[in-house]
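Some notes on the structure that comes next.
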Amino acid sequence: MLRDAKIQKVGNVRPPHASEQAIRSHCTGCKDCISACPEAILVAGRGNTPFVDFNEGGCSFCGVCAEVCKEDIFDLEAAPWQHVALIGEGCFLNLGVACQSCTDACDTGALTFNFRHGPVGSIQANATSCTGCGACLSICPTKAIDLVPEKALAHV
């Protein structure tokens, strides 16, 4: 089970396959990627550069943002992100309330329900199969899920 309040959360997230450095160096702020995103999760930040807003849902990694970009920003050979989901203490299950919203939203099966823990079960998170897509973030009724750097979980 991945739970640790001491792990630093991921801040603003850039589109998948786009590094902060590439965006700062090459993004013109045209907002083509923002307009093209079928999930409507890309929003304009400072200088109209794109950020992901997981409050709107998760990323399907469709690649449309990279396709429409005319600049040298996206590297589809690189991993989309270096973060994974972490279930926090605010999870309804820790309060004795049954909930499986996040597992229902997880297409990769990285979040699974375990009946053997606690009075109403627990959510097991598998960092290896988590893509960091963020689908679980907006669906969690208590906002108990955060994204954390993948490398931080090596110590958990």
Side-chain angles (χ1 to χ4, degrees), residues 1-25 27 31 33-66 69 73-95 97 99-114 117-118 121-156:
M1 203 169 355
L2 302 177
R3 297 170 194 256
D4 190 345
K6 296 176 185 161
I7 294 176
Q8 176 121 9
K9 299 172 189 174
V10 172
N12 292 325
V13 176
R14 295 297 193 169
H17 305 286
S19 70
E20 182 68 30
Q21 181 180 355
I23 288 177
R24 287 184 183 214
S25 300
C27 184
K31 298 199 277 185
C33 60
I34 294 169
S35 300
C37 179
E39 285 87 13
I41 62 169
L42 294 182
V43 297
R46 202 160 104 194
N48 287 328
T49 61
F51 285 97
V52 178
D53 181 358
F54 290 113
N55 290 317
E56 300 302 317
C59 181
S60 66
F61 306 107
C62 66
V64 172
C65 54
C69 184
I73 293 172
F74 294 88
D75 178 4
L76 297 178
E77 298 297 315
W81 285 312
Q82 300 296 315
H83 60 253
V84 294
L86 180 76
I87 310 296
E89 293 301 317
C91 178
F92 266 156
L93 295 172
N94 293 331
L95 305 172
V97 178
C99 179
Q100 294 185 55
S101 297
C102 61
T103 61
D104 294 342
C106 185
D107 288 339
T108 65
L111 300 175
T112 57
F113 189 77
N114 186 332
H117 291 111
S122 67
I123 302 296
Q124 301 291 298
N126 182 330
T128 305
S129 57
C130 180
T131 63
C133 74
C136 58
L137 298 178
S138 66
I139 202 77
C140 179
T142 62
K143 304 297 181 209
I145 304 172
D146 290 305
L147 295 177
V148 299
E150 200 170 26
K151 61 185 173 197
L153 296 181
H155 306 298
V156 176

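Given the structure is predicted, the values throughout are model-derived calculations rather than measurements. The chain is numbered in sequence order, starting from 1.
- With contacts defined as side-chain heavy-atom distances shorter than 4.5 Å, the pair Ile123/Leu93 qualifies.
- Between Pro15 and Ile23, the shortest heavy-atom contact is CD-CD1, 3.8 Å.
- When side chains are defined from C-beta on, Pro80 does not count as touching Thr131, because their heavy atoms never get closer than 4.5 Å.
- Side-chain contact check for Phe51 versus Val13: every heavy-atom pair is 4.5 Å or farther apart.
- Under the side-chain contact (heavy atoms from CB on, under 4.5 Å) test applied with Phe92, the options Cys102, Cys99, Cys140 reduce to a single match, Cys99.
- Within the 3.5 Å criterion, the main-chain N or O of Thr108 finds no donor-acceptor partner in the side chain of Ser129.
- Contact check for Ser122 versus Ile87: no side-chain heavy atoms found under the 4.5 Å cut-off.
- Looking at every heavy atom in both residues, Lys31 comes nearest to Ala44 through CD-CB, 3.9 Å.
- Thr49 has its side chain within reach of Arg14: a pair of non-hydrogen atoms, C-beta onward, lies under 4.5 Å apart.
- Separation of atoms CD1 (Ile145) and SG (Cys91) is listed at 7.0 Å; rounding is to 0.5 Å.
- Looking only at side-chain heavy atoms (C-beta outward), Val148 and Val84 come within less than 4.5 Å of each other.
- Listed here is the closest heavy atom pair of Leu111 and Thr103: O-CG2, 3.4 Å.
- The minimum heavy-atom distance between Ile41 and Gly57, with the atom names listed, is CG2-O, 3.7 Å.
- To the nearest 0.5 Å, the span separating CG on Leu137 from CG on Leu147 amounts to 4.5 Å.
- A donor-acceptor pair is defined here as one N or O able to donate and one able to accept, closer than 3.5 Å; no such pair exists between the side chain of His17 and the backbone of Glu77.
- Residues Trp81 and Val52 form a side-chain contact, since some pair of their non-hydrogen atoms from C-beta on lies under 4.5 Å apart.
- Residue Leu42 comes nearest to Cys65 through the heavy atom pair CD1-CB, 4.0 Å, listed as atom of the first residue, atom of the second, then distance.
- Annotation for Asp107: atom CG does not count as buried by contact number, only 12 or fewer foreign heavy atoms lying within 6.0 Å.
- In terms of heavy-atom proximity, Asn114 sits nearest to Gln124 at CB-CG, 3.7 Å.
- Put simply, the side chain of Phe54 does not reach to within 4.5 Å of the side chain of Ser138, judged on heavy atoms.
- Distance check, rounded to the nearest 0.5 Å: CG of Leu86 to CD of Glu150 gives 13.0 Å.
- Atom CD1 in Ile73 sits 4.5 Å away from atom SG in Cys27 (nearest 0.5 Å).
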